[in-house]
Amino acid sequence: MASTGRLAGKVVIVAGAGASAAGWSIGKASCVTLARQGARIVALDFQADAAADAVRAVEEAGGEAWAVQADVADADAMQAAIEAAEARFGRIDALQANAGIGKVGGPEDIDLADWRRIQAVNVESLLIASRLLAPRFRAQGGGSIVAVSSIAGIRYTGYPHLAYSVTKAAVIHFARMLAQQYAADGIRVNTVIPGLIDTPRVQANVAKMYAREGDLAAAKAARDKQVPLGRMGTPWEVANAVAFLASDEASYITGTELVVDGGLTGKYA
């Protein structure tokens, strides 16, 4: 895929850059997509090897990336990571807030420790990142934050995923509030809302909710059937939406959501 150059000269932090297993996650595909469009990538992940894998993928595609290990829910670690990225590249133009975790279950199934950790990674991380980046973006005349939520944040998806769903709903509203507060500073904040996307995480966890354990083909078929377009989406299709919102082509777009779900949330049943 040839670069369009729409992100030429920009430095983008992808938080949650790695994949949980072999294959393409939204974060890893986003690193490559953003790089192909001209951005230099800070591939940040809780797992150092996952960050390094994302960097290898970018470099194989002809782009430039740098791996950083950090916990997005750790304010000190994120400050150190952002300062290091700034020292290396000279500036930061955009953040893709992609890190997210979950645990299947309803209120009787999840313990408070898991609930709090999911809240910290999925929501408090946005507070930490925005506190660090807003002054930098303001000083340079603007910047972009693209948060990654989920259709689980706007509807029930067929199985109990309470902690994940509640935090993904919070991500959407957090981004809306940020967009209004910082619009006058030239800081745009938007959210991408993926639907059923075929990623390693689906194979490891969510597939179990659709079919017998180990029957991945049946699980994929069940998920494909839910979608009006007849298939799950790919990480690349989400990454393309992120790249657009991060770019100057979206210069008049802030405080809104781009749903990438094959029409799923528009179904009446």
Side-chain angles (χ1 to χ4, degrees), residues 4-17 26-27 30-31 33-34 37-42 44 72-73 75 78-79 81-83 85-86 89-100 119-154 166-194 237-261 265:
T4 65
R6 61 161 41 138
L7 292 168
K10 294 189 182 297
V11 177
V12 182
I13 297 176
V14 179
I26 290 172
S30 294
C31 287
T33 298
L34 294 164
Q37 298 186 18
R40 291 175 290 172
I41 306 300
V42 179
L44 187 151
V72 294
M78 285 300 293
Q79 180 172 346
I82 287 171
E83 288 176 352
E86 201 170 37
F89 292 114
R91 61 185 288 122
I92 298 165
D93 297 284
L95 165 72
Q96 178 185 352
N98 181 68
Q119 175 77 22
V121 171
N122 294 7
V123 183
E124 290 176 19
S125 62
L126 279 170
L127 174 64
I128 291 168
S130 60
R131 285 169 64 93
L132 290 166
L133 290 172
R136 290 170 165 83
F137 287 167
R138 185 187 300 115
Q140 68 192 28
S144 174
I145 296 174
V146 182
V148 178
S149 180
S150 165
I151 60 167
I154 58 176
V166 169
T167 56
K168 287 302 184 178
V171 165
I172 295 168
H173 201 59
F174 189 101
R176 289 173 179 168
M177 298 299 98
L178 227 61
Q180 295 301 319
Q181 180 173 350
Y182 292 118
D185 297 312
I187 301 170
R188 299 183 301 104
V189 187
N190 294 289
T191 306
V192 171
I193 304 180
E237 289 168 317
V238 180
N240 286 334
V242 171
F244 167 66
L245 289 174
S247 77
D248 292 339
E249 292 177 9
S251 58
Y252 201 56
I253 301 174
T254 195
T256 194
E257 298 81 47
L258 179 50
V259 180
V260 185
D261 74 344
T265 53

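We're numbering straight along the sequence, starting at 1. This one's a predicted model, so the numbers in the text were calculated from it and none came from an experiment.
- The nearest pair of heavy atoms linking Arg40 to Gly9 is NH2-O, 4.1 Å.
- Annotation: side chain of Leu258 is not in contact with side chain of Asn190 (no heavy-atom distance under 4.5 Å).
- The minimum heavy-atom distance between Ala73 and Ala120, with the atom names listed, is CB-O, 3.7 Å.
- Put simply, the side chain of Arg136 never gets that close to the backbone of Gly143: no donor and acceptor are under 3.5 Å apart.
- A donor-acceptor distance shorter than 3.5 angstrom exists from the side chain of Thr254 to the backbone of Val189, with no hydrogens or angles considered.
- A donor-acceptor pair under 3.5 Å links the side-chain atoms of Gln140 to the main chain of Ile92, judged by distance alone.
- In terms of the side-chain contact (heavy atoms from CB on, under 4.5 Å) criterion, residue partners of Ile128 (sequence neighbours excluded) are, by chain and number, Ala75, Met78, Leu132.
- The heavy-atom pair separating Val171 from Thr191 by the smallest distance is O-OG1, 4.3 Å.
- Listed for the Arg188 side chain is no donor-acceptor partner under 3.5 Å among the backbone atoms of Gly142.
- Paired with Asn98 under the rule side chain to side chain contact (heavy atoms under 4.5 Å, CB included), one option of Val148, Val238, Val146 passes, and it is Val148.
- Ser251 meets the side-chain contact (heavy atoms from CB on, under 4.5 Å) test with no other residue; sequence neighbours excluded.
- Contacts of Leu127 classified as side-chain contact (heavy atoms from CB on, under 4.5 Å), with partners at least two apart in sequence or in another chain: Arg131, Phe174.
- Applying the side chain to side chain donor-acceptor pair (under 3.5 Å) test to Gln119 and every residue at least two apart in sequence or in another chain returns nothing.
- Closest heavy-atom contact between Val11 and Phe89: CG2-CB, 3.7 Å.
- Listed by chain and number, the residues in a side-chain contact (heavy atoms from CB on, under 4.5 Å) with Ala152 are Ser150, Thr157, Tyr164, Ser165 (sequence neighbours excluded).
- Looking only at side-chain heavy atoms (C-beta outward), Ile193 and Asp261 stay at 4.5 Å or farther from each other.
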Next on the checklist: Could you walk me through whether Ile26 and Gln96 satisfy the side-chain contact (heavy atoms from CB on, under 4.5 Å) test, starting with their C-alpha distance in whole Å, then the side-chain angles of each, then the deciding distance to 0.1 Å, before giving a yes or no?
Outcome noted: CA-CA 11 Å; Ile26 290 172; Gln96 178 185 352; 4.1 Å; yes
Item to check | Verdict with reasoning, Leu34 to Lys10, per side-chain contact (heavy atoms from CB on, under 4.5 Å) | outcome: CA-CA 10 Å; Leu34 294 164; Lys10 294 189 182 297; over 6 Å; no
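- Closest heavy-atom contact between Gly100 and Asn122: CA-OD1, 3.2 Å.
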For residues 175-187, which side-chain donor-acceptor pairs fall under 3.5 Å, sequence neighbours excluded?
{"residue": "Arg176", "atom": "NE", "partner": "Glu257", "partner atom": "OE2", "Å": "3.0"}
{"residue": "Arg176", "atom": "NH2", "partner": "Glu257", "partner atom": "OE1", "Å": "3.1"}

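- Closest approach of Ala246 to Ala94, counting heavy atoms only: CB-CB, 4.5 Å.
- Between the side chain of Arg6 and the backbone N or O of Glu249 there is no donor-acceptor pair closer than 3.5 Å.
- One finds the OG atom of Ser247 at 12.0 Å from the CG atom of Asp93 (value rounded to the nearest 0.5 Å).
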